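Quick note: numbers below take in every heavy atom, side chains included, and nothing from hydrogens, waters or symmetry partners. Note that the structure is predicted; figures quoted are calculated from it, not measured. Sequential numbering from 1 along the given sequence is applied to the chain's residues.
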Amino acid sequence: MRQVAVLGSTGSIGVNALDVIQRLNRAEGGFRVAALSTYSHVPLLQKQIQVFRPSLAVVGDEAAAKVLSRWARSRKIPLRVMSGVDGLVQAASAPAVQLVLSAVVGAVGLQPLLSALRAKKTVALANKEALIVAGEIVMATARRYGAKIIPVDSEHSAMFQCLGGRTGPGAGVRRLILTASGGAFYRRTGSLDQVGVEEALNHPTWKMGRKITVDCATLTNKGLEAIEAHYLFGVPLDRIQIVIHPQSIVHSLVEFEDGSSLAQLSHPDMRLPIQYALTYPDRKPSPVRALALDEIKKLEFYAPDFRRFPALSLALEAGRRGGAWPAVFNGANEAAVQAFLGRRLPFTGIPRLCRQVMNRFKKRPPPRDGLRGILEADAWARREALSFLGKERLSSETLTKGGVKPWIS
């Protein structure tokens, strides 16, 4: 029985992961859910606890943890309840856990990820921001402790499958070709200044969480995924090509030195890459329907429009600069997306705010080396973004109430 911790169990990836685990267990068993977590969706977490009976549950704040603990006691459910990043770290490094599915949203997933790797866990990674913020440190930690990272993002899962798990110089890779649906607005003409939140959340092919769906609409997500692929597979950013593929059937390609390319194709359904990460290296039957190419008829590929979607250029610029720059861009973007979702910033204001923060960072002294410097840069970018929005000095309490969790007060 493989013990699994699902971090971010009430989000889109977490809900799908629990569905996959339930279905696999009905077919042949093999998984026990040892830990679950949510930032604030306690009612759904309670339902999950009743079904999966984990030994540990983690929620975003201490007050909610006390409420959940009283609820569990009233129903005589044996459950340890923790809160915040400390709770996520405990769930990720628990001795009984063999597999950690990291599906929390944002850079808050970094410390639990590092803890899981130090504890030599296998990590099914859906939290791209942790790798983007500190990719060199994350990959070095995985190598040092012999821990395995299996990507859950559909594009990185596709590359992982095409590479057969091989990475680095010996894999014979010439290019990685990263596909993008284009999000809600790629085929829309005219100005994007007045588009609303509901429009941005109306993704044409995928059903995902709110933050990642907005990132898809700005194409930020593709820039972040390019940085993620760079670290995961050891391929320089200038050898990662992004193409718009509206059908979302080809999830990415790997071009090899001999000129051949391998691609992974399937209908857009996150249960497939989630299941592959959970059962790797085995493949099991899944509910995802097989492709009928004669029904699909055409597969289109286009170069991205960098001028219309400047956030993509900003993300790639941060990736090329390296060091703390991806953390700065990611922190600014998380704050900007929260402001857009809260209707405090127009859609086109997201890249403008990220650019303002990046321009201000250029004038600062270089951050200190190592993880502490990266975390300080991340926290600085969030504060700076929110100060641009509010034109006031913001405390850690204000940051938290605004929906952006600070790393350092």
Side-chain angles (χ1 to χ4, degrees), residues 1-9 13-14 17 31-37 39 54-60 80 82-153 156 160 165 167-168 227-234 277-278 280-281 322-324 326-327 330 367-379 405-408:
M1 187 66 69
R2 201 175 192 193
Q3 305 246 12
V4 184
V6 182
L7 309 185
S9 65
I13 296 292
F31 294 95
R32 179 184 177 273
V33 177
L36 296 170
S37 85
Y39 180 69
S55 54
L56 173 63
V58 182
V59 292
R80 182 186 180 198
M82 297 187 69
S83 64
V85 175
D86 289 343
L88 292 174
V89 167
Q90 287 293 316
S93 58
V97 168
Q98 289 106 24
L99 175 64
V100 177
L101 175 70
S102 179
V104 295
V105 176
V108 71
L110 175 57
Q111 291 181 352
L113 171 60
L114 291 173
S115 296
L117 296 175
R118 292 185 191 114
K120 303 181 181 181
K121 312 297 186 186
T122 296
V123 178
L125 186 62
N127 170 236
K128 66 170 60 65
E129 291 89 353
L131 193 59
I132 288 153
V133 166
E136 291 181 7
I137 293 171
V138 168
M139 298 310 294
T141 303
R143 289 191 296 270
R144 178 180 178 185
Y145 291 94
K148 183 179 289 293
I149 298 175
I150 304 173
V152 170
D153 276 352
H156 301 89
F160 185 80
T167 60
I227 299 171
E228 185 181 7
H230 160 64
Y231 288 122
L232 278 172
F233 305 116
L278 293 175
Y280 176 81
N330 182 74
R368 71 179 85 182
D369 292 335
L371 183 59
R372 182 70 183 180
I374 289 171
L375 297 183
E376 288 173 348
D378 172 79
K405 183 73 173 175
W407 279 95
I408 302 168

**OP:** Decide yes or no for Ile150 and Val123: does some side-chain heavy atom of the first lie under 4.5 Å from some side-chain heavy atom of the second?
**Re:** no
Original post:
Is any side-chain heavy atom of Val138 closer than 4.5 Å to a side-chain heavy atom of Ile149?
Top reply: yes
Subject >> Main-chain N/O of Leu114 paired to Thr141 side chain as donor or acceptor, under 3.5 Å >> reply: no
**OP:** Output yes when a side-chain donor or acceptor of Arg80 lies under 3.5 Å from a complementary backbone atom of Val58, and no otherwise.
**Re:** no
Original post:
Once you round to the nearest 0.5 Å, how far does CG of Leu101 lie from CD1 of Ile13?
Top reply: 7.5 Å
Original post:
With side chains defined as the heavy atoms from C-beta onward, is the minimum distance between Ser37 and Val59 less than 4.5 Å?
Top reply: no
Original post:
Would a 4.5 Å heavy-atom cut-off, applied to side chains only, mark Lys121 and Gln98 as touching?
Top reply: no
**OP:** Take Arg2 and Thr122, measure what side-chain contact (heavy atoms from CB on, under 4.5 Å) needs, and give me the verdict at the end.
**Re:** CA-CA 11 Å; Arg2 201 175 192 193; Thr122 296; 4.1 Å; yes
**OP:** Measure the spacing between CG of Asn127 and CD of Glu228 and express it to the nearest 0.5 Å.
**Re:** 9.0 Å
**OP:** Kindly compute the distance separating OG (Ser93) from CG (Leu113), expressed to the nearest 0.5 Å.
**Re:** 12.0 Å
Original post:
Between Phe233 and Phe160, is the ring centre distance below 6.0 Å?
Top reply: no
Original post:
CZ of Arg368 to CG of Leu375: how many Å apart, nearest 0.5 Å?
Top reply: 10.0 Å
Subject >> Contact summary for Ala17 and Leu278, nearest pair of heavy atoms >> reply: O-CD1, 4.4 Å
Subject >> Nearest non-hydrogen partners of Ala126 and Asp153, listed with the distance >> reply: O-OD1, 4.2 Å
Original post:
Without hydrogens or angle criteria, can the side chains of Gln3 and Arg32 be said to hold a donor-acceptor pair below 3.5 Å?
Top reply: yes
Subject >> Heavy-atom side-chain contact between Val4 and Val6 under 4.5 Å >> reply: yes
Original post:
Of the non-hydrogen atoms in Leu56 and Met82, which two are nearest, and what is the gap between them?
Top reply: CD1-CG, 3.9 Å
Original post:
Any side-chain heavy atom of Leu125 within less than 4.5 Å of one from Pro151?
Top reply: no
Subject >> Check: Leu131 and Ile227 side chains under 4.5 Å, non-hydrogen atoms >> reply: no
Subject >> Taking every non-hydrogen atom, the tightest pair across Ala229 and His156 >> reply: N-NE2, 3.5 Å
Subject >> Approximate separation, where rounding is to 0.5 Å, of Met1 CE and Phe31 CZ >> reply: 10.0 Å
Original post:
Taking all non-hydrogen atoms of both residues, which atom of Val152 and which atom of Ala277 are closest, and how far apart?
Top reply: CG2-CB, 3.8 Å
**OP:** Compare every heavy atom of Ile132 with every heavy atom of Pro326, then report the nearest pair and how far apart it is.
**Re:** CB-O, 3.2 Å
Subject >> Atom pair CZ/CZ of Arg144 and Arg118 - distance to nearest 0.5 Å >> reply: 8.5 Å
